[in-house]
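In what follows, a structure is listed as structure tokens, so that the remarks can point back to it.
We're numbering straight along the sequence, starting at 1. Every number for a ligand or one of its atoms is a count from 1 in the order of the listing. Any value given below was found using the heavy atoms of this structure, including those in side chains, with hydrogens, waters and symmetry copies removed.
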Amino acid sequence: MISATRCTFLGCSGLGGSGNICGGQRRGYGPWRVTCMSPINDRNGSVVNVMETPLKEIKKEAVVEDVDDNPISGGGPRDVYGEDKATEDHFVTPWSVSVASGYTLLRDPHFNKGLAFTEKERDAHYLRGLLPPTTIPQETQVRKMIQHIRQYQVPLQRYMAMMDLQERNERLFYKLLIDHVEELLPIVYTPTVGEACQKYGDIFMRPQGLYISLKEKGRIQEVLRNWPEKNIQVIVVTDGERILGLGDLGCQGMGIPVGKLSLYTALGGVRPSACLPITIDVGTNNERLLNDELYIGLKQRRATGQEYSELMHEFMTAVKQTYGEKVLIQFEDFANHNAFDLLEKYRSTHLVFNDDIQGTASVVLAGLVAALKLVGGNLADHKFLFLGAGEAGTGIAELIALETSKQTNAPLDEVRKNIWLVDSKGLIVSSRKESLQHFKKPWAHEHEPVKNLLDAVNKIKPTVLIGTSGQGSAFTKEVVEAMASINEKPIILSLSNPTSQSECTAEEAYTWTQVIEPACIFALKFERIFGSTLTILFHFSQGRAIFASGSPFSPVEYKGKVFVPGQANNAYIFPGFGLGLIMSGTIRVHDDLLLAASEALAEQVSEENFEKGLIFPPFTNIRKISAHIAAKVAAKAYELGLATRLPQPKDLVKFAESCMYTPAYRSYR
Ligand SMILES: O=C([O-])CC(=O)C(=O)O
Ligand SMILES: [Mg+2]
């Protein structure tokens, strides 16, 4: 990754890689890299192993005592390599700024433009002869690449082709992804990324992201320093224990942070060099992986308890020491038992956000607020039933309760009573309270025990059914029909990922919920109000569910009508949410920021979307949506006194847009 030097400018240290170092699009700029001046060049001029010796010495010698007992750290978060603390007999790293050129430039994905290098650039950057003579613009490259991707019928092959492009030419990768977002999101993200994680060992070519395993205990800051970029703004970290609804994939979960961060850039405009995907490897309990010779992670069972929390604590401390207070750490796909504890432990000391608890909650609340325009009533008028009481289920439930309580001024405990959860043992009720995990306890309401979902639907009579169970096909025909017999327009959200784990398909949701005659609608209302039982005759014609799912489903044509399912995926929220935090220099995540993001997203659903039954806007406009979310989140952060970037910009939407990375090629001088 570190480039060879043709010309160097000594004495500059700590600049942040490929970001806004100099020049905008019209001013030409050089393909700058920060590198260190002890190069051992290989035959191609690439710098090899430049850091090893000096860094080890720095750690041993330059850092003697430290404010917070961490034996590895230097003179503070900015003194990345301990230069400030070093005395004359200590080794320091001779940082410099260099310009990538020639063969190295072509192989640097941050700066490579392939055949789009102009004649002038080919002369100025020693590229003559290294490329065929033709020059083609980025637009043509995008057209060629999309055709290339479409040649593959198998989604995993498309995924591999996309990853290959990302490793070869980053700007082309992002241009392609942004220009064809609806088509390519299911490839680089859910659901295909799930399959990629399952087969990560088989398809592994080049390492992506940073791996921190138990082997690195006591040396995590050193590992962070090995990452070539210094100016990190967002980290997505997983320990691979609950990858989507696919369970423990250990170290192979790396596909998730990589995919999420591609979306941070493509959808939220955070520049790629500021994004760092990390996988913490504490082993895996997945027997298949443990017995697989191609498994890329530690072949041992998961560390738990103190060993686990010590490693995580070292990681959290090292991140803050290395990148400062304002780096956003997004926890992703941790198992329930760690996810809640980590969020609780670090939410007051770090800028942390759990995507599966908070991001999913924010996106679903937005969908529900939008759905109310179609079904009527306020949140307080509705009754919610969840299948699945883990991170997503309880996270969504809590955010709904919070918003309802704000709207009605009713105490949180009171509004929670409209929200019911079913887990593997049946309805969560007060008689089970003692044996429940702490995050389920607030949902243990007074009710007789109910063993299964169908009975729970019939007893609770919810208006909204939400699946967060990770169990494919758990919304059976009987369950969906029961929802349809209770509600004119049942809201059914089947959120588990990937597609194979979805509680029901879009087609099932629409075909199992049929239009009923007006007389029957009256009868339903009568039944709801007066509680008497009525026999209802259904006139089967069209689906009437308001449906959204976590993984994408194609539109469904049913009896001449096209139904377009929405995708209730946290991808709508986290890129804009993160951008809002970063651009305002926010230092802590507050629940009100999640509510602000929800509100911003719900506002983006247009009349035209509603007409199609959509409760989320299409992804085609996602960058505009993200700017809007970022602005609302930042505005709330300023209001709460959590934003440190002062003064507050006047027009936050414009400011968000101006902060966003665009993948158009830059001209090199
Ligand atoms: O990655 C996704 O598509 C949504 C998500 O966070 C999960 O299912 O864990
Ligand atoms: Mg997740």
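Using a 4.0 Å cut-off between a side-chain N of Lys or Arg and a carboxylate O of Asp or Glu, Glu508 and Lys477 do not qualify as a salt bridge. Remark: Lys260 engages Asp355 in a salt bridge, criterion side-chain N to carboxylate O under 4.0 Å. Checked for salt-bridge contact, Arg588 and Glu325 meet the test: a charged N lies under 4.0 Å from a carboxylate O.
Scanning all protein heavy atoms for the shortest distance to atom 8 (O) of ligand 1 gives Asn497 ND2, 2.8 Å. From the protein, the heavy atom lying nearest to atom 3 (O) of ligand 1 is Thr190 OG1, 2.3 Å.
Using the six-membered ring where Trp is involved, Phe384 and His382 have ring planes that are tilted, between 30° and 60° apart. Ring orientation note: the planes of Tyr572 and Phe616 are close to parallel, at an angle under 30° on the 30°/60° scale. The aromatic rings of Phe340 and Phe439 lie parallel to each other, with less than 30° between the two planes, well short of the 60° mark.
The atom name of the N/O/S atom in Glu332 closest to the Mg ion (ligand 2) is OE2. Summary: OD1 is the N/O/S atom of Asp333 found nearest to the Mg ion (ligand 2).
If you check the side chains of Tyr200 and Gln208, you find a donor sitting under 3.5 Å from an acceptor. Inspection of the Ser469 and Glu503 side chains reveals an N or O donor paired with an N or O acceptor under 3.5 Å.
For Phe353 and Phe331, the ring centers sit 6.0 Å or farther from each other.
The proximity of Thr360 to ligand 1, defined as any non-hydrogen pair under 4.0 Å, does not occur for either the backbone or the side chain. Within the 4.0 Å heavy-atom criterion, neither part of Ile256 lies near ligand 1. Only the side chain of Asn569 comes within 4.0 Å of ligand 1, judged by heavy-atom distances.
Backbone or side-chain N, O or S atoms of Asp356 reach the Mg ion (ligand 2) at under 2.8 Å.
Close approach of ligand 1 to Asp356 is summarised as follows: ligand atoms under 4.0 Å from at least one heavy atom of the residue are 5 (C), 6 (O), 7 (C), 9 (O). Distances below 4.0 Å separate heavy atoms of Glu332 from the following atoms of ligand 1: 6 (O). Proximity to Tyr189 (heavy-atom distance under 4.0 Å) selects the following atoms of ligand 1: 1 (O), 2 (C), 3 (O), 4 (C). The Lys260 neighbourhood of ligand 1 comprises atoms 1 (O), 2 (C), 4 (C), 5 (C), 6 (O), with distances under 4.0 Å to a heavy atom of that residue. Contact atoms of ligand 1 toward Arg242: 7 (C), 8 (O), 9 (O) (distance under 4.0 Å to a heavy atom of the residue).
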